[in-house]
Number of protein chains: 2
Amino acid sequence: MKYIEKLRNSGLRPTKQRLQICEVLFDTETTFHFTINDLANKIKRQLNHKISLATVYNTVHAFEKKGYLKQIPINSNQTYFDTNISDHHHFYDLKEEKLIDLENSDVGPIKILKKIGGKKIKSVEVLVKLED
Amino acid sequence: MKYIEKLRNSGLRPTKQRLQICEVLFDTETTFHFTINDLANKIKRQLNHKISLATVYNTVHAFEKKGYLKQIPINSNQTYFDTNISDHHHFYDLKEEKLIDLENSDVGPIKILKKIGGKKIKSVEVLVKLED
DNA sequence: CACTTTTTTAGAATCATTATAAAGTAGACT
DNA sequence: AGTCTACTTTATAATGATTCTAAAAAAGTG
């Protein structure tokens with residue numbers, strides 16, 4: 001199985017649950033956005049059995065820490081994650097409450113002119129809110 | 001009192017609590033970032049009495065809806081607000097867990113090349129994460 | 001297999017936020 | 001000032017996402 005190596009290399013034991021979550025997250029044509037709840041439902045639908053919610057939380061956080069998922073900075077009562085870990089941005093459709101990817105190439109280059117002493121820029125994320 | 005008009009013009013009755021919250025929020029040299037909890041504490045400290053937490057929530061949301069406050073898009077267990085309602089951005093210092101303003105003039109112009117049919121851009125917000 | 005460490009799990013705990021509904025207040029009109 | 005109505009405030013309860021707990025299960029090692 002192709003995810004066993006990946007997990008081992010990250011120092012994560014390739015357990016049944018983690019491998020199944022990998023399938024649901026990464027065996028897809030396209031990347032997608034999700035909340036923990038979305039993911040738990042998708043797992044149940046797709047694998048026909050449930051994985052404990054605590055495990056889903058643990059796994060998503062572990063994957064995020066390892067860089068296999070990204071959190072999307074947006075204000076919502078739930079946390080949104082993205083399986084697209086490339087350097088990119090988001091539209092947020094306020095009416096539909098839906099996120100849409102915005103590739104880096106669709107945003108002109110961003111220059112941050114202000115510097116903060118002793119700190120390095122880790123990421124630059126753009127959120128474009130849309131209305132009708 | 002200078003906030004009475006402002007509130008009335010927004011269709012908000014100028015109640016004692018709202019006026020006091022206006023003082024705490026807007027009678028300052030500089031703008032600032034806060035969570036509801038920060039604000040509730042600041043009120044208690046500065047006015048020497050408490051305003052019900054529910055009222056603080058109600059008022060902050062009312063002010064945000066009217067455009068007197070902005071929510072800052074960031075992932076945290078609490079919601080961050082900003083009394084700086086000018087078009088600007090933020091640094092987020094991951095180590096200190098602190099927000100720092102980033103004026104529009106400190107960010108090169110941002111061009112959003114992708115268009116979404118029937119939707120207008122309401123805002124463009126940049127979050128720059130900082131590490132050591 | 002025996003042993004240690006990590007992981008999973010159900011359920012409880014936490015904590016920010018929102019809802020409720022009763023009491024208080026503002027504004028308008030006499 | 002008094003009356004009326006609609007809006008506000010308030011304490012408290014309810015909600016709901018997330019985290020914690022600690023016991024059972026599974027993985028890795030020899």
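Chain naming here is simple, since letters A, B, ... match the order of the sequence lines and numbering starts at 1 in each.
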> Distance check: side-chain N/O of B/K50 vs OP1/OP2 of D/dT10, anything under 4.0 Å?
Replying inline: no
With a cut-off of 3.5 Å and sequence neighbours excluded, list every side-chain donor-acceptor pair involving residues 35-42 of chain B.
from, atom 1, to, atom 2, distance (Å)
B/T35, OG1, B/N37, N, 3.4
B/T35, OG1, B/D38, N, 3.1
B/T35, OG1, B/D38, OD1, 3.3
B/T35, OG1, B/D38, OD2, 3.2
B/T35, OG1, B/Q78, NE2, 3.4
B/D38, OD2, B/T35, N, 2.9
B/N41, ND2, B/N37, O, 3.3

> Quick one: CG on A/L94 to OG on B/S123, what's the gap to the nearest 0.5 Å?
Replying inline: 7.0 Å
> Which other residues belong to the hydrophobic cluster containing B/I100, where Ile, Leu, Val, Met, Phe, Trp and Tyr are joined when side-chain heavy atoms lie under 4.5 Å apart, directly or via other members?
Replying inline: A/F91, A/I100, A/L102, A/V107, A/I110, A/I112, A/I116, A/I121, A/V124, A/V126, A/V128, A/L130, B/F91, B/L102, B/V107, B/I110, B/I112, B/I116, B/I121, B/V124, B/V126, B/V128, B/L130
>> For B/H88 and B/N104, which I'm curious about, is there any donor-acceptor pair between the side chains at under 3.5 Å?
In response: no
> Pairs in or reaching into residues 62-89 of chain A: which pass salt bridge (Lys or Arg N to Asp or Glu O under 4.0 Å), with residues at least two apart or in two chains?
Replying inline: none
>> Go nucleotide by nucleotide along DNA chain D from the 5' end; which of B/S52 and B/G11 gets its closest nucleotide reached first?
In response: B/G11
>> Roughly what angle, to 10°, lies between the helix axis at the start of the helix from C/dC1-D/dG30 to C/dT30-D/dA1 and the one at its end, five pairs per end?
In response: 30°
>> Nearest whole Å is fine: how far is C/dT6 C1' from A/L12 CG?
In response: 11 Å
> Hey, quick one: are A/F81 and A/I51 part of the same hydrophobic cluster, counting side-chain heavy atoms closer than 4.5 Å, chains of contacts allowed?
Replying inline: yes
> What integer distance in Å separates B/R18:CZ from D/dT9:C1'?
Replying inline: 9 Å
> Which residues in residues 64-76 of chain A have at least one heavy atom lying under 4.0 Å from any atom of DNA chain C?
Replying inline: none
> Going hydrophobic residue to hydrophobic residue with side-chain gaps under 4.5 angstrom, can you get from B/L7 over to B/V60?
Replying inline: yes
>> Using a strict threshold of under 4.0 Å (side-chain N to carboxylate O), is an ion pair present between A/K129 and B/E125?
In response: yes
Would you tabulate the nitrogen or oxygen pairs shorter than 3.5 Å linking the protein to nucleotides 21-23 of chain C?
none

> Quick one: do A/L19 and A/F26 end up in the same hydrophobic cluster if we chain Ile, Leu, Val, Met, Phe, Trp and Tyr together by side-chain heavy atoms under 4.5 Å apart?
Replying inline: yes
> After noting the C-alpha distance and the side-chain angles of B/E103 and B/D106, does the key distance pass the side-chain contact (heavy atoms from CB on, under 4.5 Å) rule?
Replying inline: CA-CA 5 Å; B/E103 292 308 320; B/D106 288 329; 4.0 Å; yes
>> Under a 3.5 Å threshold, yes or no: a donor from one side chain and an acceptor from the other, between B/Y68 and B/S10?
In response: yes
Could you write out each protein N or O paired with an N or O of nucleotides 26-30 of chain D at a distance under 3.5 Å?
from, atom 1, to, atom 2, distance (Å)
D/dA27, N3, A/R13, NH1, 3.3
D/dG28, OP1, A/R8, NH1, 2.8

>> For B/H33, give me all partners under ring pair (Phe, Tyr, Trp, His ring centres under 6.0 Å), at least two apart in sequence or on another chain.
In response: B/H90
> Roughly, in whole Å, what's the span from CD in B/E5 to P in C/dG27?
Replying inline: 11 Å
> Of all residues at least two apart in sequence or in a different chain, which pass the ring pair (Phe, Tyr, Trp, His ring centres under 6.0 Å) check with B/Y92?
Replying inline: none
> Could you state the NE2-C1' distance from B/H49 to D/dT9, rounded to the nearest angstrom?
Replying inline: 13 Å
> Salt-bridged, A/D27 to A/K2, with N to O below 4.0 Å?
Replying inline: yes
> Starting at CG of A/D38 and ending at P of D/dT18, how long is that distance when rounded to a whole Å?
Replying inline: 11 Å
>> Could you work out, with ring pair (Phe, Tyr, Trp, His ring centres under 6.0 Å) as the rule, every residue matching B/F63, not counting sequence neighbours?
In response: none
>> Restricting to salt bridge (charged side-chain N to carboxylate O under 4.0 Å, His left out), what partner residues turn up for A/K119, sequence neighbours left out?
In response: B/D93, B/D132
> When the distance from CG of A/L39 to P of D/dT18 is rounded to whole Å, what number comes out?
Replying inline: 12 Å
Sort me out a list of protein N/O and nucleotides 15-18 of chain C N/O pairs below 3.5 Å, or just none if empty.
from, atom 1, to, atom 2, distance (Å)
C/dT17, OP1, B/T79, N, 2.8
C/dT17, OP1, B/T79, OG1, 2.7
C/dT17, OP2, B/Y57, OH, 2.8
C/dT17, O5', B/Y57, OH, 3.3

